[in-house]
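Quick caveat: nothing in here was measured; it's all calculated off a predicted structure. Every chain is numbered from 1, with letters handed out A, B, ... down the list of sequences.
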2 protein chains.
Amino acid sequence: MESGPIAPRRGRPPVSDRQRQRQRLDISRHAVRLFAEQGVAATSGAQIARAAGVSERTLWRCFSTKESCVEPLLTESIGAFRAVLYAWPPEVGLTEHLRASYRPALASPSGGDTEAVLAVIRMTQDEPGLRAAYLMLRERAEETFTEVLAERTGRPVDALDVRVQAAAMSAVLKVATDDFAQAVAGQGITPEALRRHREQLADALGVVTRGPQEGGWDACGDSVAGHVAEAP
Amino acid sequence: MESGPIAPRRGRPPVSDRQRQRQRLDISRHAVRLFAEQGVAATSGAQIARAAGVSERTLWRCFSTKESCVEPLLTESIGAFRAVLYAWPPEVGLTEHLRASYRPALASPSGGDTEAVLAVIRMTQDEPGLRAAYLMLRERAEETFTEVLAERTGRPVDALDVRVQAAAMSAVLKVATDDFAQAVAGQGITPEALRRHREQLADALGVVTRGPQEGGWDACGDSVAGHVAEAP
DNA sequence: ATCATTATTGGCAGTCACTGACAATAAAGT
DNA sequence: ACTTTATTGTCAGTGACTGCCAATAATGAT
C-alpha cells in the first residue's frame, strides 16, 4: 500500500476537502434562502453567486445544477441519521436504539440550519427540480447505509439482501422525514412533534427490519396508529 | 355529481388521452434509441424531435425535460408490476403470489421495448440526468402502490404505515430491477435470469413485508443467499 | 525578496434546453 | 363556406451551463 517516497510538493497545494465542503455549504445556505424567498425559478445562478460572494463560474464548478445547491444542507441533516446508525450497538434492536438515541440531527449541527432544511424538504413537494436533487441525494445516502449494514452483518456490501435492507430503510426514513417536515410546517419544531417523529421512525423501521410486531400484516396498522397524526 | 346538461360541443374536440400517450410513447422510443446510440449529452432536443417527426416545440410540450423523454417507456415496465399487485388476492401472501404470477412485464407489453427499457435502466447508472428522471418516476409509481395497499388493508391512503410499506416495496423493486438489468447486460434475457429475478424479488419483498422468515436479522442473509449471484 | 511552479478563481463567449407569443392548420358543427 | 375550438409550428428570447484563457494566490527553491 506504500506509494513510494513522494516527491517534495511544489507550487500551491490543493485546497483541503474541509475547505471545499465549507465553500459548498456556504453557497448552499445562500441558495436555499433565496429559493425560499423567491422560488426556485425566479432565482438565477448569477444571483446565488453574488449572494455567496463568488463568481458565477466558480458556482458552476461547485455545483453541476442550480437545484443541486441544496445538497450540502440536506446532507447535513441525513448525516445525523447515519451517525446514529454507526453508533448502533450490535446487541440491541434498531427500534430500541433509535428510541434511545435518535435526536434528529435536524436540530444538532451548526445550529440554525434546521428550519432551512425543513423548508427545502417542504419545497421539494412542489418543485420538481428540487425533488430530483433530493432523491439523488437520498440514493447516495443509501450507499452509506449499505456499508453500515454490511459491516454489522459481516456480509459483502454488494450482497443483494444488504442493499435491499438499506433501500428499505432509506425509503422509510424519507417518508417519515417528509411527513415530519409537513407536520411542523406552520408552527416551529416543538419537542412534542420531534418526539412523535422519533416514535414514528422507530416503529416504521421496526416494520421493515423485523416485520410487524404481532401477527400478520393487519396488526401493523394498529401498532402504529397511536403515533400517527390522522389526517381528515 | 351531475355536471348538468353539457352544451353541445363546438369546434375541434380535444385529442383523447389515449392518443396523447401514444404520441409520448412514440417520442420516447426514438429518444431512448438515440440516447443509447450516442449518449444523452450528445443527443439534442431538436434531434429527438426530428426523429419522432414532430416540431421541437411540441416535443417540449410533451416533455418538460430532455431526460424525461424516457418516462413512457419506463412506465410501461413498472406498470406490469402494478398490474400484478392489483391482481393480488387478499388471502394469499405476497411472496407466493409473486412467485406464481410475476412474469416481469419487462417482457410483455407491445413486444420489443424490453431491451430498450433495460438499456435505459443501465444507462441511469452513469447519466445523472437519467437517474433523476428514473427516481422521480419510481416515486410516482410509489403512489399507486400506496393505493393498492390502502384498498387491501382498508386503511386511508395517507396513513403513514401504508405509505411506509409502499415506499419499502418500491425501494426493493428498484434494487431488484437495477440488479436484473445489470445481470442481463451482455447476454440477452435468458429464462434462467428471469426466474432468478422473480425469486429475488419475491424473497426481498417477503423480507420487508413480513420480516425474515426464520429468526432474527442475521438469519435473513442465509435465507436469500441461495438466489443471490455472489459478486467477487 | 524574487522566481518558478502549481491550484484556484474570474471573465468572456458560445451552445443549447426550454418558454412565451402568435400565426397556421386541423377537426369538428352549422 | 363560415365559425369555433384544439393542436401544431415558427420565431425570438432567456438563462443554465461549458470551454478557454488570463489573472491571482499559495507554496518551495534560490
Side-chain angles (χ1 to χ4, degrees), chain A residues 5-28 30-31 34-35 38-71 127-130 132-133 136, chain B residues 5-28 30-32 34-35 38-71 127-133 136:
Chain A
I6 47 173
R9 303 280 302 118
R10 306 278 317 247
R12 173 179 184 167
V15 68
S16 70
D17 284 7
R18 208 77 198 139
Q19 293 244 313
R20 277 244 147 76
Q21 311 259 20
R22 282 258 169 232
Q23 187 181 38
R24 280 174 55 92
L25 183 58
D26 183 53
I27 296 178
S28 186
H30 289 283
L34 289 172
F35 286 164
Q38 350 168 338
V40 178
T43 305
S44 73
Q47 209 172 347
I48 300 176
R50 257 189 293 114
V54 297
S55 91
E56 200 177 340
R57 191 62 186 84
T58 57
L59 171 67
W60 299 128
R61 266 194 269 262
C62 288
F63 298 98
S64 60
T65 295
K66 181 170 74 165
E67 287 83 2
S68 65
C69 288
V70 303
E71 260 184 33
E127 300 268 5
L130 284 194
M136 295 280 284
Chain B
I6 48 174
R9 304 282 301 119
R10 306 279 316 248
R12 174 179 183 169
V15 307
S16 69
D17 284 6
R18 209 75 197 141
Q19 293 246 313
R20 277 244 148 76
Q21 310 259 20
R22 283 258 169 232
Q23 187 180 40
R24 280 173 56 93
L25 183 57
D26 183 53
I27 295 176
S28 187
H30 289 284
V32 166
L34 289 171
F35 287 162
Q38 352 169 341
V40 179
T43 305
S44 72
Q47 210 172 346
I48 300 175
R50 256 189 293 115
V54 297
S55 91
E56 202 177 338
R57 191 60 183 84
T58 57
L59 170 67
W60 299 128
R61 268 193 267 261
C62 288
F63 299 98
S64 60
T65 295
K66 181 170 73 165
E67 287 84 1
S68 66
C69 288
V70 303
E71 261 185 32
E127 300 269 4
L130 284 193
R131 191 72 186 174
M136 294 282 283

Could you check how far CD of Glu56(A) sits from C1' of dC12(C), rounded to whole Å?
-> 12 Å
Can you sort out the partners of Ser68(B) under side chain to side chain contact (heavy atoms under 4.5 Å, CB included), two or more places apart, ordered by chain and number?
-> Phe63(B), Ser64(B), Thr65(B), Glu71(B)
Under the 3.5 Å rule, do the base of dG9(D) and the side chain of Arg57(B) count as making a donor-acceptor pair?
-> no
Between dA7(C) atom C1' and Arg10(A) atom CZ, what is the distance in whole Å?
-> 14 Å
Rounded to whole angstrom units, what separation is found between the NZ atom of Lys66(A) and the P atom of dT18(D)?
-> 14 Å
Which is true for Gln19(A) with a 4.0 Å heavy-atom rule: it touches a base, it touches only sugar-phosphate, or it touches nothing?
-> nothing
In whole angstrom, give the distance that lies between atom CZ of Arg24(A) and atom C1' of dT9(C).
-> 17 Å
Is Ser68(A) touching bases, backbone alone, or none of the nucleic acid, heavy atoms closer than 4.0 Å?
-> nothing
Heavy-atom check, side chain of His30(B) versus side chain of Phe35(B), under 4.5 Å = no
Check Ala133(A) against Glu67(A) and note the closest heavy-atom contact, atom names and distance.
-> CB-O, 4.0 Å
Could you tell me whether the phosphate oxygens of dC17(D), OP1 or OP2, come under 4.0 Å of any side-chain nitrogen or oxygen in Thr65(A)?
-> yes
Any idea which heavy atoms bring Ala52(B) and Asp26(B) closest together, and the distance?
-> O-OD2, 4.0 Å
Between protein and nucleotides 21-26 of chain D, map the contacts as a letter string: B base, S sugar-phosphate only, - none, heavy atoms under 4.0 Å, written 5' to 3'.
-> ----BB
So do Val54(B) and Gln23(B) actually touch side chain to side chain, heavy atoms under 4.5 Å?
-> yes
Taking only the side-chain heavy atoms of Pro14(A) (C-beta and beyond), determine which of dC17(D), dT9(C), dT8(C) contains the nearest atom.
-> dT8(C)
Rounded to the nearest angstrom, tell me the gap between atom CH2 in Trp60(A) and atom P in dG11(C).
-> 16 Å
Expressed in angstrom and rounded to an integer, what is the separation of Leu34(B) atom CG from dA17(C) atom C1'?
-> 16 Å
Evaluate the side-chain proximity of Ile27(B) to Cys62(B): yes if any heavy-atom separation is below 4.5 Å, no if none is.
-> yes
Phe63(B) CZ to dC16(C) C1': how many Å, rounded?
-> 19 Å
Counting only side-chain N and O atoms of Ser55(B), is one of them less than 4.0 Å from OP1 or OP2 of dT10(D)?
-> no
Residues 39-50 of chain B, side-chain donor-acceptor partners within the protein, below 3.5 Å, at least two apart:
from     : atom 1 : to       : atom 2 : distance (Å)
Thr43(B) : OG1    : Gly39(B) : O      : 2.7
Ser44(B) : OG     : Gln47(B) : N      : 3.1
Gln47(B) : OE1    : Ser44(B) : N      : 3.4
Gln47(B) : NE2    : Gln38(B) : OE1    : 3.3

What is the distance, rounded to the nearest whole Å, between atom CG of Leu59(A) and atom P of dG11(C)?
-> 13 Å
Do the side-chain N or O atoms of Gln23(B) get closer than 4.0 angstrom to the phosphate oxygens (OP1, OP2) of dT8(D)?
-> yes
